[in-house]
Amino acid sequence: MDQLSWLFIAAAVIGIAPAIYGVIMWSTGRMSPRDRHHFPTAARAGRYYVCGGLAVVALSSAALLSRRDHVWWSLVVLAVAMTLSALAFLRYRPRPPAAG
């Protein structure tokens, strides 16, 4: 494996961290003050972090698959990554705090 492949693997491992953080937040219902400020519920914040983290993992996996000449699998995983990122950033994104 070359250095670029290791970079994709490292990016996937780094993407696991927010996904785990989101699962913990989603299951326990506890939020940091910063997250409490921007998200209405812990479940919504947890889903945001889970979808965002898994999107990074899927995007790194798609890039690694395309380097290994698995083009069709790469396109499928890329579609999953795009769906997860759209879900995170369009549905569960942090909202600006309400004035007042």
Measure across Gly22 and Val50 and return the closest heavy-atom pair with its distance rounded to 0.1 Å. C-CG2, 3.6 Å
Looking only at side chains, do Tyr49 and Asp35 share a donor and an acceptor under 3.5 Å apart? yes
Check the hydrophobic clustering (I, L, V, M, F, W, Y; side-chain heavy atoms under 4.5 Å; chains of links allowed) and say if Val23 and Val57 are grouped together. no
Which residue pairs pass the salt bridge (Lys or Arg N to Asp or Glu O under 4.0 Å) test with at least one member in residues 71-93, sequence neighbours excluded? none
In Å and rounded to the nearest 0.5 Å, what is the CG to CG distance from Leu54 to Leu59? 12.5 Å
Please tabulate, for the side chains in residues 72-81, all donor-acceptor contacts under 3.5 angstrom to protein atoms that are two or more places apart in sequence or on a different chain.
unit_1, atom_1, unit_2, atom_2, d
Ser74, OG, Ala62, O, 2.9

Working to the nearest 0.5 angstrom, can you tell me the gap between Leu90 CG and Cys51 SG? 11.0 Å
When Tyr21, Phe39, Trp26, Tyr92 are each screened for ring pair (Phe, Tyr, Trp, His ring centres under 6.0 Å) with Tyr48, the one that passes is Phe39
Shortest non-hydrogen pair, Pro18 vs Gly53, comes out as CG-CA, 3.9 Å
For a quick test of reading the model, state the closest non-hydrogen atom pair linking Ala45 to Met31 and the distance between them. CB-CE, 4.2 Å
Applying the 4.5 Å side-chain criterion to the ILVMFWY set and letting contacts propagate, would Phe89 and Leu87 be lumped into a single cluster? yes
Distance col, row Arg47:CZ vs Met25:CE, nearest 0.5 angstrom, shows 12.5 Å
Indicate every side-chain donor-acceptor pair of residues 2-9 with a distance under 3.5 Å to a residue at least two apart or in another chain.
unit_1, atom_1, unit_2, atom_2, d
Asp2, OD1, Ser5, N, 3.4
Asp2, OD1, Ser5, OG, 2.7
Asp2, OD1, Arg67, NH2, 3.3
Asp2, OD2, Arg67, NH2, 2.2
Ser5, OG, Arg68, NH2, 3.4

Distance check, rounded to the nearest 0.5 Å: His37 atom NE2 versus Arg95 atom CZ? 14.5 Å
Pairwise distance NE2(His38) to OG(Ser32) - rounded to 0.5 angstrom: 9.5 Å
Could you tell me if the side chain of Ile14 sits less than 4.5 Å from the side chain of Val56, heavy atoms only? no
